[in-house]
Novice: 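Input: one structure, supplied below.
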Amino acid sequence: MIIDTAVVPVAGLGTRLLPATKSQPKEMLPVGRKPVVQYVFEELTSVGVRRIVFITGPGKASIENHFDINEELVQALRESGKEDLLSDLAFERAPVQYFYTRQRRALGLGHAVLAARAFVNDRPFIVALGDSIIGTSGGSDVVRRLVRTFEAHDAAAVIALEEVPLDDVHNYGIASPKGEADDVFELKDLVEKPRRDEAPSRLAIAARYVLSPAVFDVLERTRPGKAGEIQLTDAIRQMIHGGGRVYGVRLGAGERRFDIGNFDSYFRAFVELALADPKHGASLREFLVRLVNGHHS
Ligand code: UTP
């Protein structure tokens, strides 16, 4: 992939997950066996991303530690005959360059992306939110589809979209399609958290983007919107209104977005991905069936 740089913002405060996030990042919460951000990393590297820029903040050092090579741990596993566990650390060896910079104040996602400017310069780049998993049984290549669409249409931005129930549109940025909303389509606008009777579609922004570097100038000019934060959605809207072409790419059948930003979807994600665990999934399923039927043993 020519676009091989991903910006992964992980600087948010995670207040909706307190007290779990009081002294640990939400991006490091476990979902099944792995922390959230490792799923994001695996999704990105599987489609050819080779440079990852984490936008971090106070209290996020464990994310950097997680992606370090831990020679002592490898040595200890070897010496104690636990070689079989080494494969769980194979991700440490992925051919990726890591970069870390800090968002010095938590002023929103748009502000976090702006912190990558000096690093990204004048090249298009991927943005993958560090608190959202795109889950499938076979691994998602949605980022590759975003990149292809970006290149094919000389776009200003391409956004992954997931169809959500009408009752949930008020929680998301919602796409307003220009024409027919096929698998890939051009956007007329984006509406942040609309009421259900005002939603132009049920297609919600799903935590993955490809952006032209032109977004940086727009972000510099973007005033704080909702909750005093500089919103990425506002900057993308401004690009559309300025004549830029912005496209949406739907998540495919079987591709699901798990948002680990609130307890409801975190609990669901944990259960669903733990049920998919090759070793423990089947027995967990039996346990849950017994549990919901009122048999506890
Ligand atoms: P959210 O929009 O869920 O915000 O972040 P938040 O501040 O983390 O959470 P709450 O609202 O306090 O519960 C979506 C992604 O964008 C990053 C977060 O780390 C998360 O991965 N983010 C958000 C930043 O990097 N900086 C910010 O200022 C806000």
Side-chain angles (χ1 to χ4, degrees), residues 6-31 34-44 52-64 66-67 98-120 125-135 143 159-162 164 168 170-174 190 192-193 204-209 211 215-216 219-220 222-236 257-269:
V7 173
V8 180
V10 292
L13 299 177
T15 52
R16 286 169 295 156
L17 292 176
L18 283 169
T21 51
K22 182 165 177 255
S23 63
Q24 68 176 332
K26 66 172 162 178
E27 296 82 3
M28 284 299 291
L29 291 175
V31 177
K34 292 179 277 196
V36 180
V37 70
Q38 190 177 332
Y39 288 91
V40 178
F41 161 87
E42 288 173 357
E43 178 199 332
L44 292 172
I52 299 184
V53 191
F54 286 100
I55 312 297
T56 77
K60 303 279 181 171
S62 57
I63 298 173
E64 298 178 42
H66 190 71
F67 290 104
Y98 297 94
F99 303 87
Y100 298 92
T101 189
R102 306 248 300 201
Q103 182 187 14
R104 296 176 67 214
R105 289 187 294 162
L107 289 181
L109 177 59
H111 184 254
V113 170
L114 198 48
R117 179 169 202 165
F119 177 80
V120 171
F125 60 102
I126 296 152
V127 172
L129 302 195
D131 70 346
S132 287
I133 298 168
I134 306 290
V143 167
I159 307 171
L161 298 169
E162 181 182 37
V164 298
D168 293 346
H170 66 278
N171 291 318
Y172 299 99
I174 299 290
L190 288 164
E192 191 55 55
K193 301 190 170 74
I205 300 177
R208 303 289 182 266
Y209 311 74
L211 300 172
V215 76
F216 293 124
L219 281 168
E220 297 268 15
T222 303
R223 300 274 131 251
K226 283 203 171 132
E229 296 187 338
I230 296 175
Q231 304 285 354
L232 184 59
T233 305
D234 287 343
I236 296 173
R257 183 247 178 125
F258 296 98
D259 172 9
I260 317 299
N262 63 76
F263 281 118
D264 188 50
S265 61
Y266 172 42
F267 291 166
R268 289 171 193 226

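In listed order, ligands and their atoms are each counted from 1. Just so we're clear, the structure is a prediction, and the values are computed from it rather than from any experiment.
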Novice: Does K193 make a cation-pi contact with Y172 (under 6.0 Å, within 45 degrees of the axis)?
Specialist: no
Novice: Check each atom of ligand 1 against the heavy atoms of V10 and keep those under 4.0 Å away; list them by number with element.
Specialist: 19 (O), 25 (O)
Novice: Looking only at protein heavy atoms, which one is nearest to atom 21 (O) of ligand 1, and what is the separation?
Specialist: P9 O, 3.0 Å
Novice: Under 3.5 Å, is there a donor-acceptor pair linking the side chains of E229 and H111?
Specialist: no
Novice: Write out the residue and atom name of the closest protein heavy atom to atom 11 (O) of ligand 1, then the distance separating them to 0.1 Å.
Specialist: R16 NE, 3.2 Å
Novice: So for ligand 1, is G261 a polar contact partner (N or O within less than 3.5 Å, distance only)?
Specialist: no
Novice: Between S265 and D259 (side chain of the first, backbone of the second, donor and acceptor by atom type, cut-off under 3.5 Å), is there such a pair?
Specialist: yes
Novice: What part of L17 sits under 4.0 Å from ligand 1 if we count only heavy atoms: the side chain, the backbone, both or neither?
Specialist: neither
Novice: Can you check whether Q103 has an N/O within less than 3.5 Å of an N/O in ligand 1?
Specialist: yes
Novice: Under 4.0 Å from a heavy atom of A11: which atoms of ligand 1 are those, numbered in the order shown and with their elements?
Specialist: 19 (O), 24 (C), 25 (O), 26 (N)
Novice: Check the orientation of Y100 and F54. Use parallel for under 30°, tilted for 30 to 60°, and perpendicular for over 60°.
Specialist: parallel
Novice: Any idea which part of H111 is under 4.0 Å from ligand 1, heavy-atom wise: side chain, backbone, both or neither?
Specialist: neither
Novice: Is the closest heavy atom of K26 to ligand 1 under 4.0 Å?
Specialist: yes
Novice: Going by the angle between their ring planes, with limits at 30° and 60°, are F125 and F216 parallel, tilted or perpendicular?
Specialist: parallel
Novice: Please list, in number order, the atoms of ligand 1 under 4.0 Å from a heavy atom of G108.
Specialist: 26 (N), 27 (C), 28 (O), 29 (C)
Novice: Heavy-atom distances under 4.0 Å decide this one: backbone, side chain, both or neither, for D131 against ligand 1?
Specialist: both
Novice: At a 4.0 Å threshold, what atoms of ligand 1 neighbour a non-hydrogen atom of A112?
Specialist: 24 (C), 25 (O), 26 (N)
Novice: What atoms in ligand 1 come closer than 4.0 Å to a heavy atom of T15?
Specialist: 10 (P), 12 (O), 13 (O)
Novice: How far is atom 18 (C) of ligand 1 from its nearest protein heavy atom, and which residue and atom is that?
Specialist: G12 N, 3.4 Å
Novice: Tell me, with the steps shown, if Q38 and H66 meet side chain to side chain donor-acceptor pair (under 3.5 Å).
Specialist: CA-CA 9 Å; Q38 190 177 332; H66 190 71; 2.9 Å; yes
Novice: Side chain or backbone, does R105 bring an N or O within less than 3.5 Å of an N or O on ligand 1?
Specialist: no
Novice: Show me which atoms of ligand 1 lie under 4.0 Å from any heavy atom of E27.
Specialist: 18 (C), 19 (O), 20 (C), 21 (O)
